Protein chains: 2
Amino acid sequence: METRIERLCMANGLKMTGPRRAIARVLSEATGHPDVDELHRLAHRLDPRISLATVYRTVRLFEQHGILERRNLGSRRARYEMSGEHDHFHLIDQDSGKVIEFDEPETEQLMRRVAARHGFELVSLKIELFGRKARSEPARAEPERAGKIPAR
Amino acid sequence: METRIERLCMANGLKMTGPRRAIARVLSEATGHPDVDELHRLAHRLDPRISLATVYRTVRLFEQHGILERRNLGSRRARYEMSGEHDHFHLIDQDSGKVIEFDEPETEQLMRRVAARHGFELVSLKIELFGRKARSEPARAEPERAGKIPAR
DNA sequence: ATAAGTGCAAAAATTTTGCTTGTAA
DNA sequence: TTACAAGCAAAATTTTTGCACTTAT
């Protein structure tokens, strides 16, 4: 079976080598936001000859071709995820460190307009919300007018 | 004269030492988003005995107390800026690497609601837009319906 | 007085690179 | 065949730490 990333590599004219295939597979199957170490560990299971240097070179390459995106998500090391058709948000639980992903297409459009207002064409965006679980009920639609603003 | 950061340090019960005062001053006067090296270089001018280790320890401390915020802004190293009353955006010019800051209070409110919708109380947020100068005119209000979407 | 901060140098952690060998197109 | 990729180990970068000494409270 061929992964989406592999197709993207072909489309970008990248040589499809064993290591790249393995790393592409690992990325495709990753649920969260792996860092380089995780990628290496996993790819290493598919082919123990794969070196850490190759993982670094590969993610850099993939990133340059827009196949991957690098994030930080509050952690020190860089973390990676496949680029989607459109951007999405990350909501990081400050207590657990867990990352929740979700779409918000309207906001993306809004950001596009904001950039345009400053004379820029939006290429990509990163929106990271840091928060903690609200003690009150989860809030159905768009409750709390403006609510108490947390201390920051 | 006493800087805002110094006041914040006092308010947080932090010992006001020479190095901290110098670093606070440097941060107050910084226009952009200095990284640790820059901070050290500048603080070093105020007092040549200040070590890089102290700068690292100090920014970590300030960050823990919410006095400073750490950003990446597309660069590899961490960059710092004072926390403001409210969050603001960063628009990074992909060609020049220059960072433009601006407020967008309504969006902050919107993000607060988005977080609430997922059962979270927003503590802070990072919004980074990456773009390049539009070739057309800077666009006055909210032009280009949806415009050609860059290749990504 | 004393708990906390600092400098220095050493170490850890993260990322890149030089060079030789291997390999996809 | 040949330009590009990989492995390995060494180097470069970025950040943290141990320890003896200093300093703000």
Side-chain angles (χ1 to χ4, degrees), chain A residues 2 5-26 33-65 67-80, chain B residues 2 5-26 33-65 67-80:
Chain A
E2 206 176 48
I5 293 193
E6 280 183 83
R7 276 194 299 283
L8 284 168
C9 290
M10 311 295 267
N12 278 278
L14 303 180
K15 249 192 212 174
M16 273 323 287
T17 65
R20 284 188 190 164
R21 231 182 284 280
I23 293 167
R25 171 129 326 180
V26 163
H33 300 82
D35 59 28
V36 180
D37 246 26
E38 263 163 87
L39 290 178
H40 180 230
R41 202 157 30 72
L42 295 171
H44 200 268
R45 286 221 278 258
L46 298 184
D47 178 351
R49 283 173 311 170
I50 294 174
S51 73
L52 183 56
T54 294
V55 177
Y56 270 106
R57 284 194 269 238
T58 303
V59 292
R60 200 193 333 174
L61 182 77
F62 285 2
E63 196 195 356
Q64 285 166 345
H65 285 272
I67 297 171
L68 274 190
E69 301 200 7
R70 186 206 308 227
R71 310 268 164 179
N72 283 81
L73 304 180
S75 71
R76 182 150 330 277
R77 26 227 295 209
R79 312 174 112 204
Y80 296 88
Chain B
E2 206 175 49
I5 293 192
E6 281 183 81
R7 275 194 300 282
L8 284 168
C9 290
M10 311 295 267
N12 278 277
L14 304 180
K15 251 192 208 177
M16 273 324 286
T17 65
R20 284 187 191 165
R21 231 182 284 278
I23 293 167
R25 171 128 326 178
V26 163
H33 300 82
D35 59 29
V36 180
D37 246 26
E38 263 162 85
L39 290 177
H40 180 231
R41 202 157 31 69
L42 294 171
H44 199 269
R45 285 221 278 260
L46 298 183
D47 178 351
R49 285 172 308 170
I50 293 173
S51 73
L52 183 57
T54 294
V55 178
Y56 270 107
R57 285 193 271 237
T58 303
V59 291
R60 200 195 331 176
L61 181 78
F62 285 1
E63 196 195 356
Q64 284 165 346
H65 285 272
I67 297 172
L68 274 191
E69 301 201 8
R70 184 205 310 226
R71 309 267 164 180
N72 284 80
L73 305 179
S75 71
R76 184 152 329 277
R77 24 227 298 211
R79 313 175 111 203
Y80 295 88

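Quick caveat: nothing in here was measured; it's all calculated off a predicted structure. The chains referred to below are lettered A, B, ... by the order of the sequence lines, with proteins before strands, and numbering in each begins at 1.
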Test side chain to side chain contact (heavy atoms under 4.5 Å, CB included) applied to B/Leu61 and B/Leu68, step by step: CA-CA 9 Å; B/Leu61 181 78; B/Leu68 274 191; over 6 Å; no
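- In the set C/dA24, C/dT17, C/dT6, the nucleotide with an atom closest to the side chain of A/Thr17 is C/dA24.
- Summarising the geometry, the separation between CZ on B/Arg76 and C1' on D/dT15 is reported as 14 Å, rounded to the nearest angstrom.
- Separating the CG atom of A/Leu14 from the P atom of D/dA5 is a distance of 7 Å, rounded to the nearest angstrom.
- Between C/dA9, C/dT23, D/dA6, one nucleotide has an atom nearer to the side chain of A/Lys15 than all others, and that is C/dT23.
- A straight line from NE2 of B/His65 to P of C/dA4 spans 12 Å, rounded to a whole angstrom.
- With axes fitted over five pairs at each extremity, the angle between the ends of the helix from C/dA1-D/dT25 to C/dA25-D/dT1 is 50° (10° resolution).
- When rounded to the nearest whole Å, the span between CZ of A/Arg60 and P of D/dT13 equals 14 Å.
- Among the nucleotides C/dT17, D/dT15, D/dG7, the one closest to any side-chain atom of B/Leu52 is D/dT15.
- Separating the CG atom of B/Asn72 from the P atom of D/dT14 is a distance of 13 Å, rounded to the nearest angstrom.
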B/Leu14 vs B/Ile67, side chain to side chain contact (heavy atoms under 4.5 Å, CB included): CA-CA, chis, key distance, verdict: CA-CA 11 Å; B/Leu14 304 180; B/Ile67 297 172; 4.2 Å; yes
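- Side-chain proximity of A/Arg20 to the nucleotides C/dG5, D/dA6, C/dT23 is greatest for D/dA6.
- Mapped onto DNA chain D by nearest heavy atom, A/Thr58 and B/Arg77 fall at different nucleotides, with A/Thr58 at the one closer to the 5' end.
- Across the protein-nucleic acid pair, A/Ile50 atom CD1 and D/dC8 atom C1' stand 15 Å apart, rounded to whole Å.
- Contact annotation: A/Tyr56 does not reach the phosphate of C/dT16 (side-chain N/O to OP1 or OP2, under 4.0 Å).
- Counting only heavy atoms from C-beta outward, the side chains of A/Asp35 and A/Glu38 approach each other to under 4.5 Å.
- The separation between A/Leu61 atom CG and C/dT17 atom C1' is 16 Å, rounded to whole Å.
- Using a 4.5 Å heavy-atom threshold, the side chains of B/Asn12 and B/Phe62 count as separate.
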Test side chain to side chain contact (heavy atoms under 4.5 Å, CB included) on A/Arg60 and A/Gln64 and set out the steps. CA-CA 6 Å; A/Arg60 200 193 333 174; A/Gln64 285 166 345; 4.1 Å; yes
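- Across all strands shown, B/Arg57 has heavy atoms under 4.0 Å from base atoms, whether or not it also approaches the sugar-phosphate.
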For B/Leu52 and B/Asp37, what are the C-alpha separation, side-chain angles and deciding distance, and is it a side chain to side chain contact (heavy atoms under 4.5 Å, CB included)? CA-CA 8 Å; B/Leu52 183 57; B/Asp37 246 26; 4.3 Å; yes
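- When the nucleotides C/dT16, D/dA6, C/dA9 are ranked by their closest atom to the side chain of B/Ala53, C/dA9 comes out on top.
- C/dC8 atom P lies 10 Å from atom CZ of B/Arg49, rounded to whole Å.
- No more than 12 heavy atoms of other residues, nucleotides or ligands shown are found within 6.0 angstrom of CE on B/Met10.
- When each of C/dT16, C/dG7, D/dG7 is scored by its nearest atom to the side-chain atoms of A/Ser51, the top-ranked nucleotide is D/dG7.
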